[in-house]
Every structure is written in C-alpha cells, then in structure tokens.
Protein chains: 2
Amino acid sequence: MDKNLTSFIEVAADSDFSIHNLPYGIFSDTKTQAKADNRRAGVAVGEYVLDLSVLESAGLLDLAGGPYFNQPTLNAFIDSGRDNWQKARATIQTLLSDADSTLRDDTELQKKALFKQADVTMHLPVHVPGFTDFYSSKEHATNVGTMFRDPNNALLPNWTEMPVGYNGRASTVVVSGTDIVRPSGQLKPNADERPIFSPCKRLDFELETAFVVGKGNQLGQPIAVDEAFEHIFGMVLLNDWSARDIQKWEYVPLGPFNAKTFASEVSPWIVTMEALAPFKTSCPTQEPKPLAYLNETATDTSFDINLSVELLPENAESATVVCETNFKYMYWSMAQQLTHHTITGCKVEVGDMMGSGTISGPTPDAYGSMLEIAWNATKPVTLAGGETRSFIEDGDTVIMKGYSEKDGVRVGFGEVRGKVLPALSFDFDH
Amino acid sequence: MDKNLTSFIEVAADSDFSIHNLPYGIFSDTKTQAKADNRRAGVAVGEYVLDLSVLESAGLLDLAGGPYFNQPTLNAFIDSGRDNWQKARATIQTLLSDADSTLRDDTELQKKALFKQADVTMHLPVHVPGFTDFYSSKEHATNVGTMFRDPNNALLPNWTEMPVGYNGRASTVVVSGTDIVRPSGQLKPNADERPIFSPCKRLDFELETAFVVGKGNQLGQPIAVDEAFEHIFGMVLLNDWSARDIQKWEYVPLGPFNAKTFASEVSPWIVTMEALAPFKTSCPTQEPKPLAYLNETATDTSFDINLSVELLPENAESATVVCETNFKYMYWSMAQQLTHHTITGCKVEVGDMMGSGTISGPTPDAYGSMLEIAWNATKPVTLAGGETRSFIEDGDTVIMKGYSEKDGVRVGFGEVRGKVLPALSFDFDH
C-alpha cells in the first residue's frame, strides 16, 4: 500500500472512502435524472460515487469479457474473476489519483461520472443466491449460553470444533435504509399456557459482517481451507435483525426461522479483500487445534476492523453508541467458515453472503446485541436523551459502522441503517 | 374432472402421465439433436413429452405476455399468473384429446412436438430462489423424538402449535438422476473423545414432497392462510438426503446444516394443483385448534397421494419397496406452512420450493426414512437379494414414487431417483 497515494477528489481525513478503499456498490441517481431506475455500478470516493459504467463507455475501464458495470448487480463483474478484480481496482485507483491527468483534467467526463452520494439511491450490490449465517464469536456464544443454558458449560461442545452455522433466507437480505416492520408471530410468555400471536416484544439487532462469495465451487467439490480466501470478493456490514421471543419458542430443534427471516440488512458498499489486506491480523488462538480440514497454514487470516452500533430513538437529538467492538475477536476465520460450509460438497455461488454471527468483544461495552448489552433485560441501557432500552422500540433507528485504520490510511464500510416501524395490525375473522 | 376424457396418444392404464395430469418440466433432447443444451418446457403425456415451445411457435398456445416456453426454466410462465396456468392447461388438454383434430391429425406437427421420454434429458424445472424444509409429519417427529429424546414426551411443545420449519440450501436442489457423492464431515462416535473427520456412515433418505411457490408476496406482507393455497403452483417429490451422524453432532443449537446441504433431490415434473384437485382430502384433526392466523376455513386442504420408496443396491436384480405411505398423513397443510413462513413478513418468491418434511405413516412399513424403518439401526431391513440395510450404502439407488388415483383416473409424479457414489478421498498435508 502506498500510503502517500492521494486523489484529486477531496477526501476528508475521517472519510471511510479514501482512494485506498474503492468499495463497489449499485446506485441510481433518481434525484438528478428523470428515469426511475437506472441502476449501475459505482465506487465510493470521499463524498462521491464514481460511475463505472461511464468509465467503461469511455473506454477507460476495459475488462476481459466486459462490459460489466451498466447492470443492476455486480454479480457478472465478480464472476469474471480475480484478474478483472485486480485490473479494475488498479485502473480506478490510477484514474482517481492526482498524479494521473485523464479524469483529473477532463471536467466534462467528471460531470458525467461523478455524483454526490447525497444525490443517489443505493441498492443491494449483488443478487444474493444464498445467505448463510455463522455463529463464530466465542464471546457471543458464551454470553448466550450463560444466559439461557448453563453458565458453567456455556459453550456447546461442537462450538470449538467447527464454525457452527445455519442457512438464512436470501430473499430478505435488504439494503441499508430499508424500514423494518416489527414482525408478529408466536410468543410463549407463560410456560404453562398456550402460545399467543403477538407483535415481537424483544426485537434485537445483531452486529455482524458478511463476506460476499467471489468464486463458487462445483457440487460435491469442497473448497480447501488454504484456497478458501481466494473465493472471497469482499465484505459488508450486516444487521441480522432478530426477534428474540419468537426465536426462543420456535428454535428447538431445527434452529431459528421466523425469528430471523423477516430482514437481514446490509451496508451498500462491498469493501474488497484487496482494500482490507493492509489490516490483516490473526484470529484468536484456536484451542483445540482444528481438525485438519479446518487447519489453515496462514496465520494472518483475520482483520482489524473497528465496529460500532448506535441507537437513535425517534425524535432524539442524537444517537447513542451502545457497542464498540472489532472483527478481530472472531474465533473462526472466513476461510474456515467457507471450507466448513462446503466440506460435504455443498455448492456456493457468486454473490452468496455469509454472515459472521454477532461479533461481541470481551467486555460489556463490546457486546454486539441488545440481548447481551442489557443482559436479557436485566440491565437496561440509558440513552443520551434519558430513555432506556432493553430491546429495540418502534421508531428506533439502528446504525452500524465499521472501518479499519493504520498509518493514517482509513478504509471503511460506511453504515447500515434501519428504522423500526410498528407491527401490522391483523384482523382474523374466524 | 371429465373422467371419460382420453388422448389420441396411447397412455397405459398405470401411467402417471394421463391426460388428466399434464405436469410441466424442462427437457433437452440431446439424444436426437446435435445442439448440446436446448432446454425448453414440456408436459408429460404417456411415454411422451409434448414440447410446449413448438406449440407456442405454431400459434396454438398463445398466452398473455408470452412466449414462455422456449426457456431453460418455468419461472416466467409460473410468474405470469393463474389465468395463464388455467388457459395453458385447458389448451394443452384439448390439443391432446382425441376429440380435437388440430394435433391429432397433423403428423408433421406431432413429429416436431412429441419426444419419447426415453430420448430426452430432464432438468430442474425451475430456478429455485429459496428452499425451505418443514417437519410436518407427526408420526415422523414422534419417531425421531422417541429415539433421540424422551418416548414419553416425544413431540416438542411447539410442534402442535406451528408447522416447524427451517431454511434449506437452494443451491443444492438437484434434479432426479443426479448422483450423490457420500458427504464427509465431522462425526462424534465417542462422547468422551474429539470428533473425527470421516465419510458419513449413516447416510439416509427422507421421503418428502415439496410445493413450488407460484405467486410471491411483498416483504413485510404475510400471506393469509385462506389465500395461501392460491400461491402454490404445484408439487414434486423430494428426497431430502440426510447425513444422520453429521446432523447429530452439529445440529444443536442452530439446526441441521452440513447434514442436509449436500443434496436435496427432486422429481423433474411439477404436478399442478389443478391436476391434484380431484384428490383433495382433509388433514388429520388438529388438536389443539391452531391459533387464528393458522386456522383454515377450508377443510379439504390435504391430498390423497400414495408415496413409496424403493432401494436398489448395485448389481441387485430388483429393487425392494421399503416404505409405502401417503401425503394425507401430513398434520399441517401446505397453506398453513406458507402462511407460517410469511407471518413475520418474510418474502417468498416464484420457484421457491417448500419441503413437507419426512412423510411417515402410522405403521412401520410407512416410515419415510431409514432411520425410522431400521429404528436407529436396531432393526436392519432385509432386501430382495438377501442384503440388509440400516442406512444407505455406496452404489445403492433410492427411488421414490408417488401418484393419486380415483375413479380410474391416475395422476402421478413419476420418480426421483438418486445413486450414492463413494466419498471423495481427502489428502490433508498439514
């Protein structure tokens, strides 16, 4: 990384979108153009979006097998392979650098290719064929086990042997900014009575990241752990919205279903693994040593990514930070997750999203869900305006942010933001 | 249903594909044409496939918004709506009837439009955006609970309150005829020792059906139970391949994952709900009465469909029937499953497949999995050639069949057939 590299576009020191980042997203400029849905690919730089379809049309971004960017998803570009990922990044970085005159001195081209982020609408960056959620934070699994099972045996025996995961629901992966209608379903408030149908009373967030699969495999052909990292294109922030009371009643024996399938909300910009490479770090020590199929040769298989959650009640003057944690606390690496996912021959596909699981750190201020922060509603959190929260209330907005920083270079994710709307009213006439 | 309706095409009395059926599938005729992959839609009739793209080109099947059938999946046709489903069925039935001369007397058209099923290759009939598996046979859930939990409390308390389900893996829904490589993964043979990495030793089938979603919903908008049936296009047979030993070690607390995601195999022909309508019957009595959101007005919400499983070991002279059961034993209806799935606002999409769960009947000869048939390996089954089985061995072929029959009219599914190949060999050099 050349940390002296700068762009002719002004980038604030605290911007997530430095020239070292260049995350990919899908945007439409409904605010400046008449056409309703003109989705295409861009990269974020400072407060701008650079329209890659314009660069492509102008012959400045000529990728093998292209064009790729005048499309409503990034899947075709991602599927075109690592050589194209590298060429695109290098080309875009050069075009944005203040040492290169091509875009810097062409104000006409700039006018066509640069949009203020404030003037565009962001969309889901990829079509998501499959969504899987892991459970790879030891602190989170321990906290949940302590609250709901046995504090002395909080971790289940399989937890240290495999990256436990489950299939999520791809159809409800939504982009940041999507309002979340409070789900209704079956709750069981009294052990001795039948369940009731009710709006969820324990609505929660889960602070996660997700990686985007960049290269699939064939059915029946597992991905070796030392090759798995090459199958990952990039990462996003993920708020894995959860209905704790629905979950508690439904999840034995087949796992969470209705409690999770109403919305999984992601940040719009995919930060590439290339941009994150300078921030590599090691996973926590894995003891016992994983079985051979999960045993990685590399040791720097995690990333130092600062993560936070803010709560903003309706009409509040300011948001309150309720969690500050870091991706590096994750026990299992993304490569181990992907290898475990495919070890029985399961096929993964370009655009699949794989959630990390809630990322809790070692201290209470680093817990990644309200369930843990307010410790099963026994320690409500006081927000800036004086309100308290054990779970998420109607009108609350949950904002998750993430960034890496080193030697003055910042590579960030922006945010995933979602507001909770009141539950639907139901009228059952029979 | 006009049971006197007959086709000019000869249909054997025991054929699944009478003129009353007309199931939709995707085929290619690699055996008669040079072009490698010419996938298009057809319906099965007797021993033939009728090529719908040819009828469409000839102007004999003119649907609103079409053409639909010269495509590699049925999604666009299904998505075009119920009016088109009805018109297509009525038109095709007329064209195949011996009372109509259009196709009957046009040998040139017949030559172009009719293929022997033996000469075509069948493919997945739909692109499957989402795959969900329910657990709706009380007998199956009771058997599993009796073996692995507590015979006196075999059913978990939520089971009679909701159609318990979990998210499956859509990417590994495969069509009948796909070979199944025995999966490898983590097994825990000894409680006091660490798990081992090994080929699955308890490979099993699960006899299921799946329904195909014909009409989706909007995110946040549940489908009312009395409207849910209208969202279903048709049904297929499903062999939900399961690795029992992998499942046992991995599934607490988040449910089955690697144990199921290596393959879910379906029959190639989608039998429509219209074709199945004459075979409606009631679900078992639901006690307690379901909560209002699951409480259906209609009472004939199940179907009388005979189902069977045959095992054919490699080199065996004949297959052995190991299970004969019926779809009507399912406790929860498909409408209830779909409503429960969407009650929190989860979006479902055209082409989604929703598995019934293993369909076990009340007696041991009606159990829908080897786990139950051989009662956790305590009662091995003797096959026709004298071999015994507790689970599925390498080289075994599992064949599932299904049909409805009433007043001399037969509407069947054909079969889903899968052969098990030996596990991969792994070489971990670290």
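Naming: A, B, ... by sequence-line order, numbering from 1 per chain.
- With a 4.5 Å cut-off on non-hydrogen atoms, B:Val174 touches chain A through its side chain but not through its backbone.
- Counting only heavy atoms from C-beta outward, the side chains of B:Phe426 and A:Tyr293 never approach each other to under 4.5 Å.
- Without hydrogens or angle criteria, B:Ser171 side chain to A:Lys347 main chain gives a donor-acceptor distance under 3.5 Å.
- Looking at every heavy atom in both residues, B:Gly165 comes nearest to A:Leu254 through O-CB, 4.4 Å.
- Across A:Tyr251 and B:Pro253, no two heavy atoms sit closer than the pair CD1-O, 3.4 Å.
- Looking only at side-chain heavy atoms (C-beta outward), B:Leu424 and A:Pro222 come within less than 4.5 Å of each other.
- Distance alone, capped at 3.5 Å, is enough to place a donor-acceptor pair between the A:Gln186 side chain and the B:Glu161 backbone.
- Looking only at side-chain heavy atoms (C-beta outward), A:Leu294 and B:Phe197 stay at 4.5 Å or farther from each other.
- With sequence neighbours excluded, the residues satisfying side-chain contact (heavy atoms from CB on, under 4.5 Å) with A:Lys188 are A:Pro195, A:Trp249.
- Using bins of under 30°, 30° to 60° and over 60° for the plane-to-plane angle, the ring pair B:Phe134/A:Phe257 lands in the perpendicular bin.
- For chain A, the nearby part of B:Leu156 is the side chain; its heavy atoms alone come within less than 4.5 Å.
- Of the residues considered (A:Arg182, A:Gln221, A:Lys260, A:Arg194), A:Arg194 shows the highest number of contacts with chain B, using heavy-atom pairs under 4.5 Å.
- The choice from B:Pro129, B:Gly185, B:Pro256, B:Pro199 that makes the most heavy-atom pairs within less than 4.5 Å of chain A is B:Pro256.
- With a 4.5 Å cut-off on non-hydrogen atoms, B:Leu421 does not touch chain A at all.
- Between A:Ile196 and B:Leu291, the shortest heavy-atom contact is C-CD1, 4.1 Å.
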task = Applying side chain to side chain contact (heavy atoms under 4.5 Å, CB included), run through A:Glu250 and B:Val164 and close with a yes or a no.
result = CA-CA 7 Å; A:Glu250 77 172 357; B:Val164 170; over 6 Å; no

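- Listed options A:Thr178, A:Ile343, A:Val348 were ranked by heavy-atom pairs under 4.5 angstrom with chain B; first place goes to A:Ile343.
- The most heavy-atom pairs under 4.5 Å with chain A, out of B:Gly130, B:Gly145, B:Ser184, come from B:Ser184.
- Most heavy-atom pairs under 4.5 Å with chain B: of the set A:His341, A:His127, A:Glu349, this distinction falls to A:His341.
- Proximity of a side-chain donor or acceptor of A:Asn258 to a complementary backbone N or O of B:His340 within less than 3.5 Å is detected.
- When B:Val181, B:Val252, B:Thr132 are compared by the number of non-hydrogen pairs under 4.5 Å with chain A, B:Val252 comes out ahead.
- When heavy atoms are compared at a cutoff of 4.5 Å, A:Pro157 approaches chain B by way of both its backbone and its side chain.
- Counting heavy-atom pairs under 4.5 Å between each of B:Gly220, B:Pro288, B:Ala170 and chain A puts B:Pro288 at the top.
- Although no hydrogens or angles enter the test, the distance criterion places no donor-acceptor pair under 3.5 Å between the side chain of A:Asn167 and the main chain of B:Tyr166.
- Scanning all heavy atoms of the two residues, the minimum distance from A:Thr172 to B:Cys346 falls at CG2-CA, 4.0 Å.
- Highest contact tally toward chain A, considering only B:Ala423, B:Ala224, B:Gly255, is held by B:Gly255 [criterion: heavy-atom pairs under 4.5 Å].
- The salt bridge (Lys or Arg N to Asp or Glu O under 4.0 Å) contacts involving residues 169-180 of chain B comprise A:Asp352-B:Arg169, where partners must be two or more places apart or lie in separate chains.
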